[in-house]
Peer 1: 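Pasting in a structure now, in structure tokens, and then I'll have a few things to ask.
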Amino acid sequence: MPELPEVEVVRRGIADHVVGRTITGVTVHDVRSVRRHLAGPADFRHRLEGRTVVGAARRGKYLWIQLADPEGGASDAILCHLGMSGQFLVSDASAPPQRHLRITLELDDGNELRFADQRIFGGMSFSEDGAELPPEIAHIARDPLDPLFDPAEFAARIRRRQTGVKRAILDQTLISGVGNIYADEALWRTPLHYARNTRHLRTREIESLLGHIGDVMREALAQGGTSFDALYVNVNGNSGYFDRSLQAYGQEGGPCQRCGTPIRRDPFMNRSSFWCPVCQPRPRNGRF
DNA sequence: CTCGATTCCTGTTAGC
DNA sequence: TGCTAACAGGAATCGA
């Protein structure tokens, strides 16, 4: 399940292997993967063919491929989201199609940039004037690895909310790039229970949580970045980080690495929350 | 405006 | 053995 670190690895892969190439052909194998391109798959193809890739950028879990402008105006982009199973691969054009291949971009060096996505939560769309920041994602907040991310603004905004702290950090308009896995890890490290009310968080709790969110992402990025394959633009959530370093997510019944208490799992937003009942006590009536 | 439930998808696995 | 149900979850959408 790609979160910010995994998307950043993909961005670097595209920057290394696709920048400078011209798109010579486009095949949409499954229209659902371009459903956010409202003009449809034929328009998607026509907009991309002949364009040259000049960069790859990212905000949170969104990634966009920057295109040279053929006419001298503001530049366009291909906006991409991996959803929960999306993968980009750079393959020789003669290589057999991958399982779940949804979109193929033919390049002028004999390679193809391929988008495979089992569950089709992800997808691509053409973003007019989107090279700097696609207008479609202008509502997405900066992520904690962005030099311009503003911790004070985040603290002020989260405290204006009246909801559980995990809901808040999963809200991409408050802070972007955090998914279910790293949310649980950061909350365990801080430690905070996922249902703690945002309105009553202490300043030092918010600052600590932010620090741990950044730490978790930087650690995952350091590990994911080392397992990059030249012809396989990494990747989904199968980085080594998953098996070795998770201390809360997926650890139901296992001992908390701080206190030994069995980790609990609660249903949460149609998914799960993993937490230590001793280190991260559930807020009670009258307490926050 | 904010909050929270619902929906979109498919492959794997647990349970009967 | 074969079927069904649960589960994984990012983010848009909608009702309250």
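Numbered from 1 within each chain, the chains take letters A, B, ... in sequence-line order.
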Peer 1: Under a 4.0 Å threshold between the charged nitrogen and the carboxylate oxygen, would R36(A) count as salt-bridged to E136(A)?
Peer 2: no
Peer 1: State, yes or no, whether a side-chain contact exists between L221(A) and R12(A) at a heavy-atom distance under 4.5 Å.
Peer 2: yes
Peer 1: Could you check whether Q172(A) gets within reach of a base, just the sugar-phosphate, or nothing at all, counting any heavy atom under 4.0 Å?
Peer 2: sugar-phosphate
Peer 1: Across the strands shown, which category fits R36(A) at heavy-atom distances under 4.0 angstrom: base, sugar-phosphate, nothing?
Peer 2: nothing
Peer 1: According to side-chain hydrogen bond (donor to acceptor under 3.5 Å, both in side chains), who are the partners of T261(A), at least two apart in sequence or on a separate chain?
Peer 2: none
Peer 1: Nearest of dT10(B), dG10(C), dA12(C) to any side-chain atom of Y62(A)?
Peer 2: dA12(C)
Peer 1: So what does D117(A) hit on the nucleic acid, given a heavy-atom distance under 4.0 Å: a base, only sugar-phosphate, or nothing?
Peer 2: nothing
Peer 1: Through what angle, rounded to 10 degrees, does the axis of the helix from dT2(B)-dA16(C) to dC16(B)-dG2(C) turn between its ends, using five pairs per end?
Peer 2: 50°
Peer 1: Nearest to the I120(A) side chain among dT7(B), dT10(B), dC3(B), which nucleotide is it?
Peer 2: dT10(B)
Peer 1: Is any side-chain nitrogen or oxygen of S272(A) closer than 4.0 Å to OP1 or OP2 of dA8(C)?
Peer 2: yes
Peer 1: Under 4.0 Å between any heavy atoms, over every strand shown, what does R35(A) touch: base, sugar-phosphate, or nothing? Just pick one.
Peer 2: nothing
Peer 1: So does A56(A) get a backbone contact from the side chain of R11(A), meaning a donor-acceptor N/O pair under 3.5 Å?
Peer 2: yes
Peer 1: Do R119(A) and dA8(C) share a donor-acceptor pair, side chain to base, under 3.5 Å?
Peer 2: yes
Peer 1: If you take the centroid of each ring, where Trp contributes its six-membered ring, are F88(A) and F115(A) closer together than 6.0 Å?
Peer 2: yes
Peer 1: Measuring from the side chain of R161(A) (C-beta onward, heavy atoms only), which nucleotide among dG10(C), dT2(B), dA5(B) has the closest atom?
Peer 2: dT2(B)
Peer 1: Please work out whether the ring planes of F149(A) and F154(A) are parallel, tilted or perpendicular, with thresholds of 30° and 60°.
Peer 2: tilted
Peer 1: Hey, is the side chain of H139(A) poking within less than 4.0 Å of OP1 or OP2 on dA12(C), counting only N and O atoms?
Peer 2: yes
Peer 1: Scan R265(A) against the nucleic acid and name what it touches under 4.0 Å (heavy atoms): base, sugar-phosphate only, or nothing.
Peer 2: sugar-phosphate
Peer 1: For a quick test of reading the model: is some side-chain N or O of T163(A) closer than 4.0 Å to OP1 or OP2 of dG4(B)?
Peer 2: yes
Peer 1: Do R265(A) and W275(A) meet the cation-pi criteria used here (NZ or CZ under 6.0 Å from the six-membered ring centre, within 45° of the axis)?
Peer 2: no
Peer 1: As a test of reading the structure: which of dC9(B), dT6(B), dG11(B) is closest to the side chain of H100(A), going by heavy atoms?
Peer 2: dG11(B)
